[in-house]
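Written out below as structure tokens is the structure these notes cover.
Just so it is clear, the values below take in all heavy atoms, side chains as well, and ignore hydrogens, waters and symmetry mates. Within every chain, numbering begins at 1; the chains are lettered A, B, ... in the order of the sequence lines, protein sequences first and strands thereafter.
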There are 2 protein chains.
Amino acid sequence: MAARQLTIIFLTRAEENYIKTIFHLGGNKSQLISTNAIAEQMETKPSSVTDMAKKLAEKKLVNYIRYQGISLTGAGIKTALSIIRKHRLWEVFLVKKLDFTWDEVHEVAEQLEHIKSEKLIDRIDALLDYPKYDPHGDPIPTKNGEFLVRDKQLLSELAIPSSGVCVGVKDTSAAFLKFLDKNQIALGHEITVMEKEVFDDSLKIKIGERVLQISNQIATNLYVKTES
Amino acid sequence: MAARQLTIIFLTRAEENYIKTIFHLGGNKSQLISTNAIAEQMETKPSSVTDMAKKLAEKKLVNYIRYQGISLTGAGIKTALSIIRKHRLWEVFLVKKLDFTWDEVHEVAEQLEHIKSEKLIDRIDALLDYPKYDPHGDPIPTKNGEFLVRDKQLLSELAIPSSGVCVGVKDTSAAFLKFLDKNQIALGHEITVMEKEVFDDSLKIKIGERVLQISNQIATNLYVKTES
DNA sequence: ACATATTTTTAGATTTGTCTAAATTTTTAT
DNA sequence: ATAAAAATTTAGACAAATCTAAAAATATGT
Ligand SMILES: [Mn+2]
Ligand SMILES: [Mn+2]
Ligand SMILES: [Mn+2]
Ligand SMILES: [Mn+2]
């Protein structure tokens, strides 16, 4: 049987960033992502997105239907997973090996994710002992593009009272992450929801021995995993 | 006293590559490097070099005299040293931490040297315990731009008989490095020159207990340091 | 259904970095 | 010193990625 020729198509940094954004907006196969949504996410103009959509469609990385939207092809999804893998592995590297804090890593990883060397990223993976999650709790695709999605729910959606282990953040802004540091809320911590304030949906929670009151905005940006 | 405002000017990858090349061709201050020399080194056209020379002169990174040549300004030298520092530190990282061979690192370092994060490269420096030399024996500039040049001479220039420790390579091509590996010639090895063949300037040398015959082409690409 | 609002695309311009071909300057050789 | 050769610059073009303004298509509301 003939080994499938994997054409290593060279992508520019801009092309890679579009592919990644489309993936994150849910463009994996099924749904069509709108030009406007992509433009907003990438802080660029819709007309630029249209131009790039044509270019990526040419390269068979996206399906593009004029006036309808954009989705990733199989090759596009593979590409996206490869970039996301690199991004998240570099984030782990920065935290575990270079003592970066979890609010510092994203910006640098945005650059490192574009380094072209399969050997490099595979060695980084091995050096880190094949981590499954990045510092924000997001899953790291494997070399083969396998992508395990852990079941998790927002802290705001927990039954009351009940508890779960903090496994991720939805908002990954430095501001939010620093807030969590200041309040000693970290991945791995067990969080018990004690009460919900009907007036503003704020929660009274318990972490270890500490009891604290957190706003709904915090609760809707923290992921927990229940024992169930 | 007012602290000098160090304007972090953003340079593109192309601009950085030009600066680095000019440095390597000897454009640190004194001599003017020709358009043609830069073009040849960078595998581009002289007219492209002229265009870039104007741009870099605008940014005060090079002195450019029409029809005369190009040299680096103080700021240009500082920039060059910063890029070379990154390149060489990444090469050490790849060899020491990721088990790359010395013939594999250059290509990847060419990409990594453009990552913009002072914290990143300083942490890499610390992780490696502040190495002074890269895998090819080339000195690594410090964070402050200090650049110690070790005195060394080509193996071909050694008196006969005499000996020295192998401290570097002039040719860093994968072909040459692999040849050295195959013949078990590595940095740190003591090499004794026993005889020079007048016919072709080849050398009979001794490394440990091994005696071997090497061509003049090899001898003019190996640096040694004598006890003197 | 049809007018209005919104979204998306097109047309044309701009910046960066490159090229080729032609013009200009400098160097070399007689 | 002057002609020929070599090096360098200029002029004009192109691809990539972006933008603005205008046109076209789609969606929305009554
Ligand atoms: Mn990130
Ligand atoms: Mn992350
Ligand atoms: Mn190198
Ligand atoms: Mn090197």
B:N36 CG to C:dT24 C1', straight-line distance once rounded to whole Å: 15 Å
Side chain B:S34 and base D:dT8 donor-acceptor under 3.5 Å: no
Whole-Å distance separating the NZ atom of B:K54 from the C1' atom of D:dA11: 10 Å
Phosphate OP1/OP2 of C:dT8 contacted by A:S47 side-chain N/O (<4.0 Å): no
Touch class at under 4.0 angstrom, heavy-atom based, for A:T35 against every strand present: sugar-phosphate
Atom pair distance, as rounded to whole Å: CG in A:D51 and P in D:dA16: 12 Å
Any A:T50 side-chain N or O less than 4.0 Å from OP1/OP2 of C:dT9: yes
Phosphate contact (D:dA16 OP1 or OP2) by A:R13 side-chain N/O below 4.0 Å: no
Presence of A:S48 side-chain N/O under 4.0 Å of D:dC19 phosphate oxygens OP1/OP2: yes
Ring geometry between A:H136 and A:W102 (parallel below 30°, tilted from 30 to 60°, perpendicular above 60°): parallel
Heavy-atom neighbours of B:E157 CD exceed 12 at 6.0 Å: yes
Protein-nucleotide distance (A:F10, atom CZ; D:dA16, atom C1'), rounded to Å: 11 Å
Carboxylate-amine/guanidinium proximity below 4.0 Å for B:R85 and B:D122: yes
B:Y67 OH - C:dA23 P separation (whole Å): 13 Å
Steps toward side-chain hydrogen bond (donor to acceptor under 3.5 Å, both in side chains) verdict (B:S34, B:N36): CA-CA 5 Å; B:S34 78; B:N36 262 11; 6.0 Å; no
B:E16 with B:K116: basic N within carboxylate O range, under 4.0 Å: yes
d(NZ, A:K45; P, D:dT20) in whole Å: 5 Å
Between P of C:dT8 and CD1 of A:I38, the distance in whole Å: 9 Å
B:E16 CD - C:dG17 P separation (whole Å): 11 Å
Along DNA chain D (nearest heavy atom to each residue), the more 5'-positioned of A:T12 and A:Q68: A:T12
B:Y18, nearest nucleotide to its side chain (from C:dT18, D:dA25, D:dA21): C:dT18
Below 4.0 Å: OP1/OP2 of D:dA17 and any side-chain N or O of A:K55: yes
